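Notes follow the structure.
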Amino acid sequence: MRLSFVRAALVFLASSCAVFGCASAPVGDDVDAFESADQAVTYCVGPNKVEGIDISYWQGASVDWARVRAAGKRFAFLRLSYGAQVGLDSTFRRNWSEAKANGVLRGAYQYFLPAQDATAQANLLVNELGRLGAGDLPAVIDVEQTPNGISPATYAQKVGEWIDIVERGTGKKPIVYTGKYFWNDNVQSSAYLNNPLWLAAYTTGCPDTPRPWTKWTFWQYASTGSVSGISGNVDVNVFDGTLAQLEELAGVTVCVPGAEVCNGQDDDCDGQSDEDDVCESEFAARYASVFAPPSTTDADGDGTADVCGRGPLGVVCKLRTATGFVAGPVAIPWTDAAGFAADGVHQTLRSGDVNGDGRADFCIRGPEGVLCQVSTATGAFASVGGPAWSNASGWRDPKYGNTIRLVDLDGDGRDDICARAAKGVVCHRSTGGGFGAEIAGPAWSDAAGFDRPRTWATLSFADVNGDGRRDACIRSTEGIRCSLFDGAAFAAPILGPGWNDDGGWGDVKYFSTIRFADVDGDGKADVCGRGAGGLRCALSRGNGFGDEILANWMKDADGWNAEKYYATLRVADVNGDGRAELCARGSVGVRCYGYKSGAFAQVLTTTALSDSEGWNVPARYDTMAFGDVNGDGRSDVCARDLDGYTCWPTTTAGSGTGPAEKVAEYTDTLGWDKSVYYASLRLGGPSKQRALGGTDGGLPSDAATDAATDGHAGDASTEPQGATGEPSGCACTITAPVRRRGALGPLAALGVALAVARLRRRAAR
C-alpha cells in the first residue's frame with residue numbers, strides 16, 4: 001500500500017536509519033510535509049517498538065511465512081480488497097491463514113474508494129472476516145484514494161459509515177491508515193481521534209501526524225524493505241510499544257474465564273468468540289422498546305405521549321404540554337445505587353397502563369420479582385407487586401426476563417403481564433391493584449426449542465382474530481405461529497408464514513424485524529417482516545394468514561442489511577387513518593409505507609434522522625420511536641440526540657414532519673449515551689381503543705382514504721437505490737392476489753360491542 005503522493009526518490013537506507021538509528025543519517029526529503037510548521041504534530045517512536053510488514057498480491061502468491069516470522073516480523077497487514085469492485089485480493093485467504101499458522105499477528109486492510117458505496121465495501125470486509133478473534137489486529141481502512149470531486153465532508157462521512165459497520169461487524173475498533181498531508185487536505189475530520197492511526201510517512205526524521213491525532217500507533221516508514229521469505233520490495237512498519245501491548249491490541253492475552261459477552265473476544269476461554277447467542281441476546285435487550293413496545297407513555301393522562309427513561313437516579317419523565325416538554329413527576333427511585341442498573345434488571349423496564357386509568361405505569365423485574373409503579377391522579381406513583389419472577393428462580397436469564405410484556409390480554413383496558421418461562425408462556429391478569437393467578441399460555445418451552453433469541457425475542461401479543469383480546473405469537477424455527485386467547489385460555493397454535501431457519505430467518509437482521517400490526521385496518525393484526533428480498537406481510541384471516549405480500553423496500557441489495565437501517569423498523573399510524581404503517585430510517589431520513597388499495601405505498605417522507613445529521617450511531621438510531629406527542633391522532637417521530645430528545649410532529653396530511661421539538665433531558669453530558677440508559681427510553685401511544693365495524697373496520701373506503709389522507713397511494717418511490725440504502729423506484733404493488741375484506745363475523749361483532757363498551761367506560765372516568 002503506497003500513498004499516491006509518496007516520492008519515489010526516498011531511499012530505504014534513509015528510512016531505516018530514522019527507525020533503527022544510524023551513526024550518521026543522510027539528509028533526505030520529508031515526503032509528506034505539512035504546509036507550515038505550526039500544523040505539524042511530530043511524534044517519534046517510543047523506547048519500545050515491534051517490526052512488521054504489509055503486503056498484497058504485489059508480493060506474489062508464495063510468501064514463506066515461516067521465514068518472515070524468523071526474520072523478526074511479528075505482525076502483518078494483508079490487503080483484503082480494492083474497494084468492493086473486483087472481489088478479494090487473490091492472495092488474501094492464503095496469507096490470512098498462513099500468517100496465523102506461523103505465529104504472525106495478522107490484520108486485514110481494505111483500500112477505500114470514496115466514489116463507491118461505503119456500505120458495500122464495509123460489508124465485503126465484514127462478510128469475509130466475521131468477528132475477529134485472538135491474534136487478529138483490528139481491520140484497517142486505507143484512506144489514500146484521491147477524492148476526484150468529493151468534498152471533505154462527504155469523504156469523512158463515508159469513512160464514518162465504513163468504520164461504523166466494520167466495528168460492529170468485527171467487534172474491534174478499526175485502524176485508520178493515511179498520511180498527514182492527504183488527510184488534512186482531503187478528509188479534514190476530527191471525528192476519528194479514538195481510532196488507532198497507522199501513519200504513512202517515508203521520512204528521515206520523526207514523522208508528523210495528521211490532525212487531530214497527536215501520535216501514531218503504527219508507522220509505515222518505507223516501501224522498499226527487504227524481508228526474508230518475500231521476493232522483491234515490501235512495505236515495512238513499526239508498532240509503537242512492546243510486544244505485549246501489540247498482543248493486547250490483537251486480543252492475545254492470558255485468558256481468565258468469565259461470562260461470554262458480545263465483544264469479539266473469547267471471554268470464557270473455550271476457543272470461541274461470541275458464542276451462545278450472546279450478540280443476539282444483547283441486541284434483543286437493546287431493543288426492548290421495540291420487541292416489547294409500550295401501549296402508552298402518557299404519564300399524566302392528557303392524551304399526549306410523554307417521554308420517559310431510567311437514568312442513574314431512577315425513571316425520569318418529560319411531559320408533553322401545549323408549550324412543549326416540561327418536567328414530569330418525581331423520579332421513580334429505581335436507581336443505579338439500588339441495583340437497577342444490573343444485568344437482567346435494567347433490560348426489563350416496561351411501560352403500559354396497568355390500572356386502566358389512562359395514565360402510563362412502569363414495571364421492572366427486580367431480584368425478588370416484578371415491581372410496578374402505577375400513576376395516580378395526584379401525579380405521584382403507587383407501588384404494586386407483580387409475579388415472583390426472581391433471580392433465584394432463573395428469571396435473570398435473558399431468555400426469560402427479556403420476554404416480559406405488558407399487554408391488555410383480556411381487553412378490559414388494563415395491561416396484564418406475560419412472559420416466556422422454561423415451560424412456556426405464562427400470564428397474570430391485572431386486577432388494577434396487583435396481578436391475579438397464573439394463566440398457562442402456549443407451551444413454547446426450552447425443550448421445544450424456544451430457548452434461543454431467534455425465537456423468544458419475537459414473542460408478541462396481538463389481536464390476530466379481531467375479538468378485542470390479545471393473542472400470543474412467536475417465530476419458531478419452522479415459521480410463524482399464533483395461539484388465540486378466548487378470555488380464559490389459549491388455543492392450539494395456528495400457522496403463519498414459513499419464515500424458518502432454513503430460509504435464513506434465524507439471522508438477527510431478519511428475525512428482529514418481525515412485527516404484528518393491523519396494516520389493512522380490518523381490526524386484525526397482520527404479520528410483517530424483512531427478508532433478504534425486502535419487506536413482506538401476510539394479512540390475518542382470523543384463523544390463519546394469507547399469502548405473503550411483498551413491498552419493494554428494505555432489500556439487502558439496497559443496503560438495508562446494515563443494522564443502522566434494519567434495526568429501525570417501527571410500527572406507527574402517521575396519518576391517523578387507523579391502519580398501521582411500517583416506518584424505518586434510511587440514509588437520507590425516515591420513510592413510512594402503508595398498505596392501501598391492495599398495495600404498499602409510501603406515506604411519509606422526512607429528512608429527519610438522516611446519516612448526514614449523525615443519526616447513524618447506535619446511541620441515536622436505537623432510540624427512534626413513534627408516539628402521538630400533540631394529541632392529533634397521528635404518530636410523530638422522535639429519537640435521542642447528543643443534546644437531548646427530539647420529536648418531529650407529523651404534518652396534517654401525515655406525509656411529512658414539521659419543525660423539531662427539543663426535550664431538555666437525556667443528553668450525552670448527563671450520561672444518556674450509555675446503552676444502559678438510552679435503551680430504557682420509552683415513547684409510545686397513547687393507547688386508543690377503536691370500534692370495529694363495516695366492511696373496512698369502520699374507516700372510510702380505501703379510495704376515500706387514499707384521496708383524503710395521504711395523496712401517495714400507488715405512486716412510485718423517487719428515492720435512489722444503492723448508496724443511500726433507500727428503496728428503488730417502484731409502484732410497490734402486491735405479488736399475491738388481493739383479498740377483499742368482508743362483513744364482520746360473530747366474533748368480530750362481539751369485539752365491536754366490547755370495544756364500544758370500553759370506550760364508554762373510559763370516557764366516563
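Note that the coordinates shown come from a computational prediction; the quantities given were computed from them, not determined experimentally.
- In this structure, CG on Asp142 lies 12.0 Å from CD1 on Ile175, to the nearest 0.5 angstrom.
- Scanning for salt bridge (Lys or Arg N to Asp or Glu O under 4.0 Å) contacts around Asp343 gives an empty result, with sequence neighbours left out.
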Starting from the C-alpha separation in whole Å, work towards a yes-or-no answer on side-chain contact (heavy atoms from CB on, under 4.5 Å) for Met624 and Trp615. CA-CA 10 Å; Met624 176 176 153; Trp615 290 94; over 6 Å; no

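- Of the N and O atoms on the side chains of Arg67 and Ser228, at least one donor lies less than 3.5 Å from an acceptor on the other residue.
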Just do the side-chain hydrogen bond (donor to acceptor under 3.5 Å, both in side chains) check on Glu280 and Trp456 with the steps written out, would you? CA-CA 11 Å; Glu280 290 83 355; Trp456 59 252; over 6 Å; no

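- Of the inter-residue distances, the one linking Leu569 atom CG with Arg585 atom CZ reads 13.0 Å to the nearest 0.5 angstrom.
- Here the OH atom belonging to Tyr621 is positioned 12.5 Å from the CG atom belonging to Leu609, to the nearest 0.5 angstrom.
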Evaluate Ile165 against Thr119 for side-chain contact (heavy atoms from CB on, under 4.5 Å), listing each step before the verdict. CA-CA 7 Å; Ile165 293 170; Thr119 296; 3.6 Å; yes

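- The ring pair (Phe, Tyr, Trp, His ring centres under 6.0 Å) test applied to Tyr43 returns Trp216, not counting sequence neighbours.
- For the pair Glu51/Val236, no side-chain contact is recorded, criterion being any heavy-atom separation below 4.5 Å from C-beta on.
- Looking only at atom types and distance, the side chain of Asp54 has a donor-acceptor partner in the side chain of Asn237 under 3.5 Å away.
- Thr455 places a side-chain N or O within 3.5 Å of a backbone atom of Arg452 that can act as its donor or acceptor partner.
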Does Asp240 form a salt bridge (charged side-chain N to carboxylate O under 4.0 Å, His left out) with Lys215? I'd like the steps, not just the answer. CA-CA 9 Å; Asp240 180 34; Lys215 64 171 294 184; 3.7 Å; yes

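- Within the 3.5 Å criterion, the main-chain N or O of Arg211 finds a donor-acceptor partner in the side chain of Trp183.
- For the pair Ser610 (side chain) and Gly589 (backbone), a donor-acceptor distance under 3.5 Å is absent.
- Side-chain atoms of Asp235 and Ile53, non-hydrogen and from C-beta on, never get closer than 4.5 Å to each other.
- Judged by distance alone, with hydrogens and angles left aside, the side-chain atoms of Glu260 form a donor-acceptor pair with the main-chain N or O of Asp267 at under 3.5 Å.
- Checked against Asp208 for a side chain to side chain donor-acceptor pair (under 3.5 Å), the options Thr42, Thr203, Asn184 give a single hit: Thr42.
- Side chain to side chain, Asp558 and Trp553 fail the donor-acceptor criterion of an N or O pair below 3.5 Å.
- Looking only at distances, no side-chain donor or acceptor of Ser675 sits under 3.5 Å from a matching main-chain atom of Ala679.
- Counting only residues at least two apart or in different chains, salt bridge (charged side-chain N to carboxylate O under 4.0 Å, His left out) contacts with residues 190-206 are absent.
- No side-chain heavy atom of Arg106 sits less than 4.5 Å from a side-chain heavy atom of Leu137.
- Inspection of the Asn186 and Tyr181 side chains reveals no N or O donor paired with an N or O acceptor under 3.5 Å.
- Listed by chain and residue number, Arg620 satisfy the side-chain contact (heavy atoms from CB on, under 4.5 Å) test with Val617 (two or more places apart in sequence, or in another chain).
- Contacts of Tyr678 classified as side chain to side chain donor-acceptor pair (under 3.5 Å), with partners at least two apart in sequence or in another chain: Asp622.
- Defined by atom type and a distance below 3.5 Å, a donor-acceptor pair is missing between the side-chain atoms of Gln110 and Tyr82.
- Applying the side-chain contact (heavy atoms from CB on, under 4.5 Å) criterion to Ala101, with sequence neighbours excluded, gives no partner residue.
- If you check the side chains of Trp162 and Gln157, you find no donor sitting under 3.5 Å from an acceptor.
- Using a 4.5 Å heavy-atom cutoff, the side chains of Asn233 and Thr224 are in contact.
- Looking at residues two or more places apart in sequence or on another chain, you find a salt bridge (Lys or Arg N to Asp or Glu O under 4.0 Å) between Asp89 and Arg79.
- Between Leu249 and Pro138 the shortest side-chain heavy-atom distance falls below 4.5 Å.
- Shown here are the ring pair (Phe, Tyr, Trp, His ring centres under 6.0 Å) partners of Tyr566, two or more places apart in sequence or in another chain: there are none.
- For Lys100, there are no salt bridge (Lys or Arg N to Asp or Glu O under 4.0 Å) partners two or more places apart in sequence or in a different chain.
- Taking CG from Asn561 and NZ from Lys509, the interatomic distance works out to 6.0 Å, rounded to the nearest 0.5 Å.
- Asp274 contributes a side-chain N or O that, together with a main-chain N or O of Asn263, makes up a donor-acceptor pair within less than 3.5 Å.
- For Arg69 (side chain) and Asp64 (main-chain N/O), no donor-acceptor pair under 3.5 Å exists by modelled atom type.
- Not counting sequence neighbours, the partners of Glu563 by the salt bridge (Lys or Arg N to Asp or Glu O under 4.0 Å) test are Arg168, Arg286.
- The shortest distance between side-chain heavy atoms of Val187 and Thr178 does not fall below 4.5 Å.
- Note on Asp136 versus Lys172: no salt bridge recorded, every NZ/NE/NH1/NH2 to OD/OE distance being 4.0 Å or above.
- With contacts defined as side-chain heavy-atom distances shorter than 4.5 Å, the pair Leu88/Arg93 qualifies.
- If you run ring-ring contact (aromatic ring centres under 6.0 Å, His included) between Tyr177 and each of Trp198, Phe77, Trp219, only Trp198 comes through.
- Scored by the ring pair (Phe, Tyr, Trp, His ring centres under 6.0 Å) test, Phe92 finds Trp96 as partners (sequence neighbours excluded).
- Between Arg131 and Cys279, some side-chain heavy-atom pair lies under the 4.5 Å cut-off.
- Phe239 pairs by the ring pair (Phe, Tyr, Trp, His ring centres under 6.0 Å) definition with Phe218, not counting sequence neighbours.
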